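First the structure, in the form of structure tokens, and then the observations on it.
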Amino acid sequence: MTPELEFHIPADDVPERVTLFADVILPLPLPKLFTYRIPLEMSDDVLVGARVLVQFGTKKVLSCVVARVHEQAPTDYQAKYILEVIDEKPVVTGPQLKLFSWIAEYYMCTLGEVINAALPAALKLSSESKIQLHPQFSEETNEWPLTAHEEKILFALRQKPHLTFTEAGQLLQLTSFHKIIKSLLLKEVIIIYEEIAEKYAPKVVKKVRLAPAFTTDEATLEELFNQLATKAKQLDVLLKYVQLNPLLQDMALNEHGVEKNLLTSNPHLSLSAINTLIKNGVLEQFDVVVSRFPVAEGRGPYLASELSPDQASARDEVLDHFNSKDTVLLHGITGSGKTEVYIDLIQKAVDAGGQVLYLLPEIALTAQIVTRLKRVFQDRLGVYHSKFSDNERVEVWNGILSGRFQVIVGVRSSVFLPFHSLSLLVVDEEHEPSYKQHEPAPRYNAREVALMMAHFHGAKTLLGSATPSVETYYHCQTGRWGLVNLHVRYGEAVLPEIELVDIRRESLRKNMLSHFSQKLVHDMEDTLHRKEQVILFQNRRGYSPFIDCNDCAWIPKCRNCAVSLSYHKFSNELRCHYCGYHERKPNECPACGSTMLKTVGFGTEKIEDELKLLLPEARIQRMDLDTTKRKNSHQQIIEDFEQQRTNILVGTQMVTKGLDFEHVSLVGILSADSIIHFPDYRAHERAYQLFVQVSGRAGRKGKPGKVIIQTANPNQTIFERVIENNYLGLYEQEIAERQKFRYPPFVRIIKITVKHPEAKPCEAAAIALAKDLTDRLGRTGILGPEPPHIFKIRNLFLQEVHVKLDRDGGRLRFSKNQIQEAVFHLLQSKDFKNLRVAIDVDPA
DNA sequence: AGCACGCCGACT
DNA sequence: GTCGGCGTGCTC
């Protein structure tokens with residue numbers, strides 16, 4: 001026996017005492033990972049996907065996510081130690097890390113930016129500098145004279161154990177309080193330390209229960225009641241308590257207690273009696289951490305949805321396609337009941353033990369749809385909405401990690417949630433432009449991210465739309481994705497009748513009442529007489545997009561952006577829709593003093609206003625960004641309309657999605673033209689989608705609906721397509737043009753926006769960039785630079801360079817690298833300072 | 001993104 | 001003469 005063998009100890013039993021290192025993702029726009037040293041005692045605790053605390057730079061302490069653990073000590077710098085392990089278990093899953101890397105690479109941003117967008121704010125910890133009294137400081141021994149400002153800080157620190165820098169700044173009302181802090185530090189009056197505030201706060205409920213001594217047996221309890229026989233008020237409280245919590249049946253129930261609220265808010269009980277009972281130790285108070293998404297009481301059996309024969313066969317076709325394809329498009333007209341098909345498929349996935357993500361555009365995620373899903377999936381359903389508080393987000397996040405939520409219905413950002421075993425993704429309204437995030441990075445499209453998630457999880461994706469995007473339909477046509485049609489309206493509902501009104505002709509005939517054709521007004525009156533409802537769509541908020549002076553043609557412009565200011569009558573303000581700048585509407589023209597300032601064009605607010613005059617009996621509600629800012633206002637407006645407390649709903653895009661109103665029989669599109677002539681290669685596709693979506697609001701549940709489209713030019717093929725419900729016609733035309741003029745899906749577009757506070761350098765930088773890109777990638781496919789339609793936003797001039805890349809061929813990675821290098825060089829260049837560059841892959 | 005180090009105008 | 005402006009560059 002050789003000594004080696006004799007003394008051999010299996011490696012599993014005694015871990016090697018090698019120093020481990022962790023590459024971490026900091027939530028910052030930095031292009032690389034940072035390597036920290038793992039203290040030996042933490043060797044077993046630092047897990048990939050968990051958060052750790054590190055010092056970054058000279059003082060800041062931040063939480064970051066571990067991406068990799070390894071043994072390679074960095075050679076060219078000294079790694080700092082990880083300070084603390086925050087999570088015992090990963091908060092970011094393996095598939096998520098893969099996905100985040102893909103997003104960073106595909107959308108040309110940093111992993112830090114992805115993590116930053118992905119994690120709820122409460123999971124991102126960072127330290128704040130605070131000051132407190134120096135432990136050795138005392139007034140007597142202090143030998144330094146203090147200034148008035150310094151005394152002020154000292155005084156504050158005697159009231160409060162510590163101050164944040166901001167608090168100190170506010171206290172002194174000085175912009176430069178730093179020097180005072182410095183001086184106090186030098187005089188050893190204070191010390192500075194970094195504190196990391198816990199941001200997530202669990203929801204705590206105050207409860208009360210009987211002190212355990214009284215609940216040993218029924219006799220003890222009875223004795224207590226006897227003792228309190230003369231204290232009527234206290235007895236009332238106890239009787240209520242045992243009524244709410246039936247101890248007499250089971251003493252063990254006492255431990256759970258009842259919510260203190262249930263007693264204190266009861267008008268028949270005396271608050272002081274409750275407090276006396278607590279004070280005397282009869283009742284004890286305790287805190288319980290509860291979920292912000294309480295489990296529904298009495299969870300019943302799952303409610304199976306009933307599919308119509310058409311829906312059932314669509315479902316079967318989808319499943320059939322899934323045998324050979326990962327992605328299927330369900331092309332179903334409005335009202336065909338796509339949701340039922342989704343629910344059925346989600347149900348199947350859930351029964352098989354998989355997780356499901358159901359994506360919806362923001363405005364389509366309404367209480368209507370959540371209620372419907374809750375009925376089926378009950379407490380296994382999690383909702384992820386942008387109006388959720390950060391604490392709620394953390395609970396959804398953790399609920400997925402823990403397995404509590406199996407189905408998530410959510411908006412764009414729910415693609416970042418920590419799924420570990422997705423088996424199905426549903427992207428409803430897949431054509432929706434709002435799936436694309438514009439600002440800030442990562443400028444991702446949730447539909448594309450969903451497809452990649454499916455890839456990493458080995459899951460299937462179901463896309464759904466009544467008006468699929470041209471790209472998606474193309475992939476179905478080439479056979480890459482499956483296509484299932486559902487073109488029968490569910491129930492007796494029939495497609496609405498669509499009528500065009502030529503507003504130019506009507507105007508000549510003096511048949512227009514401001515922005516309303518007589519036809520539209522008559523039909524609205526009819527509809528209201530029949531006790532039915534109207535939806536009016538106008539794709540512009542505010543009262544008018546601008547005002548102008550009748551005498552000198554002066555138009556108020558935003559001081560920060562290259563746009564005219566919109567007039568908002570309610571607040572009597574001129575507002576910029578791009579930067580938020582606003583001012584009072586002047587009564588006279590600042591240029592010539594004329595009082596003849598008139599509004600030009602019209603938005604939802606003006607429509608609402610004029611409607612009040614035209615139909616004084618009608619109850620009108622407006623739904624746009626301005627009326628839905630408060631958390632529940634959106635819901636309230638929908639509810640009022642649903643309950644027929646309002647008759648006419650005037651709104652922007654918001655009125656077009658996901659709302660089923662039973663009594664709407666007339667839909668009016670006030671001006672179709674601005675939508676059709678939008679300067680974008682997708683304008684026709686978008687216009688078609690919008691018209692079909694709006695029209696879909698009319699005539700559900702057996703009532704034939706009517707749609708009136710007002711236009712200055714009714715002889716456009718797009719209207720024919722809408723009226724005939726001819727999606728294929730639109731698709732054929734669009735795809736041919738996309739091929740001819742090299743647009744997606746035949747090429748990929750990357751938009752590079754150069755921003756600079758001055759016009760000239762902005763242009764010069766953009767020209768330099770375009771030149772560099774041409775040198776690197778060749779002449780074809782580099783377009784611009786040219787200023788965008790709105791060439792200045794928030795005091796930054798803009799120039800755009802578009803790069804078109806062939807979709808086939810493996811040059812994508814190479815081209816992106818070249819772009820990244822070109823941009824990097826531009827930003828390094830000494831010729832251009834104050835430059836900012838934004839890269840947008842697949843711009844919407 | 002912070003934050004520190006580094007070079008030019010208005011103040012004790 | 002200093003204080004302090006914010007322009008550049010680094011952070012494991």
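Quick note on labels: first sequence line is chain A, next is B, and so on, each numbered from 1. All values below come from the heavy atoms of this structure, side chains included, with hydrogens, waters and symmetry mates left out. Because the structure is a prediction, the values reported are computed rather than measured.
Comparing A:P29 and A:K59 by the nucleotide of DNA chain B whose heavy atom lies nearest to each, the residue mapping closer to the 5' end is A:P29.
For A:K760, the salt bridge (charged side-chain N to carboxylate O under 4.0 Å, His left out) criterion is met by no residue, not counting sequence neighbours. Judged as a ring pair (Phe, Tyr, Trp, His ring centres under 6.0 Å), and not counting sequence neighbours, the contacts of A:H577 are A:H568. Residues passing the salt bridge (charged side-chain N to carboxylate O under 4.0 Å, His left out) test with A:K199, sequence neighbours excluded: none. A:Y200 is linked by a side-chain hydrogen bond (donor to acceptor under 3.5 Å, both in side chains) to A:E395, counting only residues two or more places apart in sequence or in another chain. Legend: residues meeting salt bridge (charged side-chain N to carboxylate O under 4.0 Å, His left out) with A:R412, ordered by chain and number and at least two apart, are absent. For A:F814, there are no ring pair (Phe, Tyr, Trp, His ring centres under 6.0 Å) partners two or more places apart in sequence or in a different chain. For the salt bridge (charged side-chain N to carboxylate O under 4.0 Å, His left out) test, no residue two or more places apart in sequence or in another chain qualifies with A:E362.
A side-chain contact (heavy atoms from CB on, under 4.5 Å) with A:V841 is found for one member of A:R443, A:K751, A:E448, A:M108 and no other, namely A:M108.
One interatomic measurement links the two molecules: CD1 of A:I115 to C1' of B:dA1, which rounds to 16 Å at whole-angstrom precision. A:L26 places its CG atom 15 Å from the C1' atom of B:dC3, with the value rounded to the nearest Å. Between the P atom of B:dA1 and the CD1 atom of A:I25 lies a distance of 18 Å, rounded to the nearest Å.
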In 5'-to-3' order, the base (B), backbone-only (S) or no-contact (-) status of each nucleotide in nucleotides 6-12 of chain B, using a 4.0 angstrom heavy-atom cut-off, is -------

B/S/- along nucleotides 7-12 of chain C (protein heavy atoms under 4.0 Å) is -SS-BB

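Contacts classified as ring pair (Phe, Tyr, Trp, His ring centres under 6.0 Å) and involving residues 818-844 of chain A (residues at least two apart or in different chains) are not found. Applying the side chain to side chain donor-acceptor pair (under 3.5 Å) test to pairs two or more places apart or on separate chains, those with a residue in residues 188-197 of chain A are A:S127-A:E194, A:S129-A:E194, A:K130-A:E195.
Of the residues in residues 752-768 of chain A, none has a non-hydrogen atom less than 4.0 angstrom from any atom of DNA chain B.
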